[in-house]
4 protein chains.
Amino acid sequence: MATAPVGPRNETRSDEGSILQEKGAATELAPRAMRADALKNHEKILRAAEETFASEGVAVPIDVVAQRAGVGVGTLYRHFPTKEALFEAIVVSRLQKIQAALDSHTNDPDPGDAFFSFMREFAQQVNEKRDLFDALTLAGIDIKAQYADQLAVIMEQTDRLRQQAVLRDEIRADASTEDVVNLIMGTCHAAGQSGDDESGIFHLIDIIIAGLRPTA
Amino acid sequence: MATAPVGPRNETRSDEGSILQEKGAATELAPRAMRADALKNHEKILRAAEETFASEGVAVPIDVVAQRAGVGVGTLYRHFPTKEALFEAIVVSRLQKIQAALDSHTNDPDPGDAFFSFMREFAQQVNEKRDLFDALTLAGIDIKAQYADQLAVIMEQTDRLRQQAVLRDEIRADASTEDVVNLIMGTCHAAGQSGDDESGIFHLIDIIIAGLRPTA
Amino acid sequence: MATAPVGPRNETRSDEGSILQEKGAATELAPRAMRADALKNHEKILRAAEETFASEGVAVPIDVVAQRAGVGVGTLYRHFPTKEALFEAIVVSRLQKIQAALDSHTNDPDPGDAFFSFMREFAQQVNEKRDLFDALTLAGIDIKAQYADQLAVIMEQTDRLRQQAVLRDEIRADASTEDVVNLIMGTCHAAGQSGDDESGIFHLIDIIIAGLRPTA
Amino acid sequence: MATAPVGPRNETRSDEGSILQEKGAATELAPRAMRADALKNHEKILRAAEETFASEGVAVPIDVVAQRAGVGVGTLYRHFPTKEALFEAIVVSRLQKIQAALDSHTNDPDPGDAFFSFMREFAQQVNEKRDLFDALTLAGIDIKAQYADQLAVIMEQTDRLRQQAVLRDEIRADASTEDVVNLIMGTCHAAGQSGDDESGIFHLIDIIIAGLRPTA
DNA sequence: TATGAATGAGCATTCATTCAT
DNA sequence: TATGAATGAATGCTCATTCAT
């Protein structure tokens with residue numbers, strides 16, 4: 001929700017699970033031009049915010065974000081009425097990416113592979129903007145609570161994957177999806193702080209995967 | 001050690017120029033009393049800070065910490081000249097606890113048991129003040145860098161434990177001590193945010209331990 | 001020069017990525033208006049600071065200055081990022097006035113008259129904001145060191161005047177320009193503290209001038 | 001007044017014009033010992049304050065003064081109940097020194113020499129603790145107002161000297177004693193800030209003296 | 001009585017947010 | 001509509017002064 005521009009009203013938000021759709025049917029003219037500009041700013045700001053928060057921490061003055069986005073503070077505030085709103089928009093955009101990664105596995109033949117692949121992709125996503133996630137969490141953004149709906153979809157889908165893998169005995173049954181998510185996120189967090197690169201993280205993920213295999 | 005009070009430095013006052021100081025009588029008592037008082041405040045503040053930072057985040061005004069400790073801001077600043085100094089003192093005090101846990105295992109007969117036991121105790125420690133750790137890290141306290149010495153001792157000792165376990169084939173050889181530490185800390189972090197209690201964390205730690213067993 | 005507003009930097013915005021900017025119409029008016037406003041505040045603050053520091057001493061809370069200027073603290077800080085920066089801006093603006101007085105004498109026919117006239121004008125300038133000068137100096141603003149360049153120009157020009165007067169035997173040769181400056185500034189300082197008005201100061205300056213005449 | 005210890009009550013203060021008298025008739029024993037100690041502290045603090053204020057400015061925390069004096073803050077406050085009281089005590093002690101210099105000239109045969117000599121000695125005194133004087137003045141210590149009585153004595157005596165010199169036609173008649181005092185103090189102030197040493201100041205004083213000679 | 005720990009009002013400065021242009 | 005100047009509440013920290021030991 002928060003990702004959508006504030007000014008323009010007529011968006012058809014119902015495409016959950018889709019990443020920023022390309023297919024924009026820009027029909028009219030005068031208002032469209034404005035619209036495009038606004039959207040562009042919206043994105044610019046969002047990206048600038050991600051980068052800035054990730055590198056400087058969430059404590060950075062909003063002005064810095066605006067500057068990095070190349071807009072005035074006023075403009076930033078037009079798009080995101082609050083610093084917190086910016087945080088939320090970022091989280092949502094991240095969740096969408098994760099959702100996309102998940103979607104790409106729904107039709108995989110081998111559930112075990114699918115699950116472990118997703119685990120790695122998930123780790124990749126988390127790792128990519130690791131500091132950002134931490135920062136947001138510490139900033140009091142309770143992702144769990146505020147994005148319950150979208151998380152529920154993700155968790156549910158992930159759990160389907162897991163259950164199928166359990167059925168085929170590719171994963172021990174006593175590890176819940178939430179357990180797995182925690183293990184991955186935590187590992188990314190710690191590895192990131194430890195300065196590990198992606199391969200280092202994959203090594204840790206492999207240890208976790210080993211731990212998830214059914215015990216003989 | 002950095003935890004020691006800043007103010008009261010009990011150097012024997014050089015009493016230059018003072019007449020009539022015949023009996024060096026009150027050498028053991030009078031100054032000690034003051035010291036005790038100050039120490040008490042020192043501890044009170046440290047504990048209040050731990051609690052407050054953990055529950056409210058490191059962004060809390062220092063006044064809140066002072067209030068919680070039941071002292072004035074000035075007193076707090078007398079003991080910890082900077083907010084950051086408070087952070088550091090907390091970290092140090094935590095590290096000391098971990099070191100203690102580690103020490104209790106140095107003479108254990110079975111290295112595998114010792115290592116896994118310490119893993120659980122470490123997790124316990126980290127979990128106990130989980131938010132605090134996160135908060136500190138996010139606050140820019142680079143524990144790795146600033147407490148390199150003390151960490152080195154801990155890591156080294158831990159590594160000795162691990163190596164012995166590896167020799168007895170109780171742990172896979174390709175998991176470094178740093179890997180293990182990351183896995184634990186991260187897991188605690190994530191589990192904590194997920195609202196897991198200690199048993200939940202132990203469950204996750206068990207999965208990790210399973211992943212650390214030598215692959216058949 | 002350092003007096004120029006910090007905030008508004010009128011570089012022609014590079015307008016990267018902005019669509020629909022057909023007519024570069026409002027090039028002269030809109031931005032200028034803002035500028036004028038900011039400049040006005042800049043001056044208001046500078047003047048308020050001069051007055052406030054002079055009457056209350058440099059120890060006044062910055063809020064008082066802001067209040068006197070009729071702006072919020074934030075605004076003050078936007079223009080002068082530091083209390084010290086305010087001090088410096090004041091000094092610079094004073095130096096500029098003195099330089100102006102000096103310039104008005106560069107083409108005077110009689111060097112003796114020119115020199116003594118400038119002495120009186122200089123005294124006038126110093127006296128006008130006497131407390132301010134003192135306050136700044138006491139505040140640790142080392143004018144000599146920090147504005148060496150501008151002072152050098154002033155001193156050099158003044159010295160030219162003096163040398164010409166010496167050549168015409170209108171001034172004793174053993175009094176350096178620095179001596180004269182010291183005599184004037186000091187006298188203003190003391191007379192000011194003594195509650196003397198301008199005529200009182202001129203009387204003292206006349207005594208000094210008498211002392212500067214060549215000894216028969 | 002403020003110079004006298006606060007605690008002990010039975011001082012016979014009436015010796016105006018005397019510098020710290022050496023002739024202490026310490027008769028009794030127990031209380032005397034205390035008294036001596038207290039007096040010593042009093043002096044130690046006063047001297048430490050002079051030095052500290054002169055070198056660091058009057059803004060220094062009182063603790064610094066106490067430390068330099070080698071006593072606790074509490075002790076300092078026992079002797080001088082307020083920072084301002086310390087300022088005043090310093091001023092008084094300075095005035096006493098000046099008074100002493102003046103006294104040494106009351107019986108001089110040549111009034112012109114006496115006057116000019118005193119001018120130089122006065123300059124010396126002022127110069128010695130120049131920063132201190134400035135600092136005190138800036139700190140809001142209105143010497144003129146607060147020590148009117150003692151100043152009056154000094155001014156009066158100085159004026160007697162001056163009048164005699166005027167009568168002998170050694171000084172122009174239109175320069176009041178206050179003028180002279182202002183010229184000297186101001187010159188010391190400025191010369192001091194300019195980094196001049198005592199000889200530099202004497203040079204300036206000589207210029208002033210030249211200006212004070214009767215105009216032919 | 002000397003000490004220095006405790007106190008808390010006070011101050012410089014920052015930054016989220018509003019609003020005139 | 002975009003801009004950035006203005007706002008002022010909030011925060012870290014200092015320091016004169018008091019008071020328990």
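Every chain is numbered from 1, with letters handed out A, B, ... down the list of sequences.
Taking 4.5 Å as the limit, every side-chain heavy atom of Val91(A) sits out of range of all side-chain heavy atoms of Glu88(A).
For the side-chain hydrogen bond (donor to acceptor under 3.5 Å, both in side chains) condition, the pairs that include at least one residue of residues 67-77 of chain C, sequence neighbours left out, are Glu51(C)-Arg68(C).
Distance Ile45(B) CD1 to dA5(E) P: 12 Å, rounded to the nearest Å. Distance Gln67(A) CD to dC15(E) P: 13 Å, rounded to the nearest Å. For the pair Phe80(D) CZ and dT18(F) P, the computed distance is 16 Å after rounding to whole Å. What separates NE2 of His42(A) from P of dT1(F) is a distance of 15 Å, to the nearest Å. We find that CG of Leu86(B) is positioned 16 Å from P of dT11(F), with the value rounded to whole Å. Remark: P of dA6(F) and NZ of Lys40(C) are 11 Å apart, rounded to the nearest angstrom.
In DNA chain E, runs of at least 3 consecutive Watson-Crick or G-U pairs, each pair with both distances below 3.5 Å, span E:2-21 with F:2-21.
Considering OG of Ser93(A) and CD of Glu43(A), their distance stands at 8.5 Å, rounded to 0.5 Å. Interatomic distance, Phe87(B) CZ to Phe53(B) CZ, rounded to the nearest 0.5 Å: 4.5 Å. The distance from the CZ atom of Phe80(C) to the CD1 atom of Ile90(C) is 8.0 Å, given to the nearest 0.5 Å. His42(A) NE2 to Leu39(A) CG: the interatomic distance, rounded to the nearest 0.5 Å, is 7.5 Å.
Remark: His79(B) is not in phosphate contact with dA5(E), judged by side-chain N or O atoms under 4.0 Å from OP1 or OP2.
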Using a cut-off of 4.0 Å between protein heavy atoms and nucleotide atoms, how would you tag nucleotides 7-12 of chain E 5' to 3' with B, S and -? BBB-SS
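At least one donor-acceptor pair under 3.5 Å links the side chain of Lys83(A) to the backbone N or O of Val58(A).
For the side chain to side chain contact (heavy atoms under 4.5 Å, CB included) with His79(D), the qualifying choice from Val71(D), Leu86(D), Ile45(D) is Ile45(D), the only one to do so.
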